[in-house]
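Throughout, residue positions are numbered sequentially from 1 according to the sequence presented.
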Amino acid sequence: MSKGLTVNSYFEDQVKSIALENQEGVSTVGVMMVGDYEFATSKKEYMTVVSGELTVKLPRENDWKTFSKGESFIVEANQAFSVQVKQTTAYLCRYE
């Protein structure tokens, strides 16, 4: 059963997302402007870059890794991860 859309804004409107729920579960589709961000998770997150690229420092990792269009990464629940955005980037995040 679909529910209404929820629009979220973070980091002084530099990151915006639209949350949706459907038969696949809860997801957000969003855009990050150029900048450096740190996010905390409450659920397991499956992040896929839709357009652009994200350079990410995952929990318990020492190195940054860049994810381009079509590439994905996973962040477990109750973790924090850092993101560097060098060009405006769109993403899909599925929650589990």
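Listed by chain and residue number, nothing satisfies the side chain to side chain donor-acceptor pair (under 3.5 Å) test with Asn62 (two or more places apart in sequence, or in another chain).
Atom CD of Glu12 sits in a sparse spot, with 12 or fewer heavy atoms from other residues, nucleotides or ligands closer than 6.0 Å.
Under the 4.5 Å side-chain heavy-atom criterion for ILVMFWY residues, no single connected hydrophobic cluster contains both Val7 and Tyr10. Note on Leu5 and Val50: same hydrophobic cluster, where clusters join Ile, Leu, Val, Met, Phe, Trp and Tyr whose side-chain heavy atoms are under 4.5 Å apart, directly or indirectly. No continuous path of hydrophobic side-chain contacts links Val26 to Met47 [ILVMFWY only; heavy atoms under 4.5 Å]. Cluster membership check: Val56 shares its hydrophobic cluster with Phe11, using side-chain heavy-atom separations under 4.5 Å among Ile, Leu, Val, Met, Phe, Trp and Tyr. Residues Met32 and Val29 do not share a hydrophobic cluster, defined by chaining ILVMFWY side chains whose heavy atoms lie under 4.5 Å apart.
A distance-only check finds no donor-acceptor pair linking the side chain of Thr55 to the backbone of Lys65 [under 3.5 Å].
Counting heavy atoms from C-beta on, the side chains of Val31 and Lys16 never come closer than 4.5 Å. Lys69 has its side chain out of reach of Ser51: every pair of non-hydrogen atoms, C-beta onward, lies at least 4.5 Å apart. The side-chain heavy atoms of Val49 and Glu71, taken from C-beta on, include no pair separated by under 4.5 Å.
Minimum interatomic distance between Lys57 and Trp64 (heavy atoms only, all atoms of both residues): N-CE3, 3.4 Å. Considering all non-hydrogen atoms of both residues, Ala77 and Ser42 come closest at CB-O, 3.7 Å.
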Practice problem: Could you walk me through whether Lys44 and Ile74 pass the side-chain contact (heavy atoms from CB on, under 4.5 Å) test, one step at a time? | Solution: CA-CA 7 Å; Lys44 187 174 189 176; Ile74 299 170; 3.6 Å; yes

Exercise. Please step through side-chain contact (heavy atoms from CB on, under 4.5 Å) for the pair Glu45 and Phe39, ending with a clear verdict.
Key: CA-CA 11 Å; Glu45 297 185 7; Phe39 297 95; 5.9 Å; no

Please set out all donor-acceptor pairs under 3.5 angstrom arising from side-chain atoms of residues 81-96, sequence neighbours excluded.
from	atom 1	to	atom 2	distance (Å)
Thr89	OG1	Glu53	N	3.1
Thr89	OG1	Glu53	O	3.0
Thr89	OG1	Gln87	O	2.7
Tyr95	OH	Thr28	OG1	3.3
Glu96	OE1	Tyr46	OH	3.4
Glu96	OE2	Tyr46	OH	3.1

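Remark: Asn78 CG to Thr41 OG1 distance equals 6.0 Å, nearest 0.5 Å.
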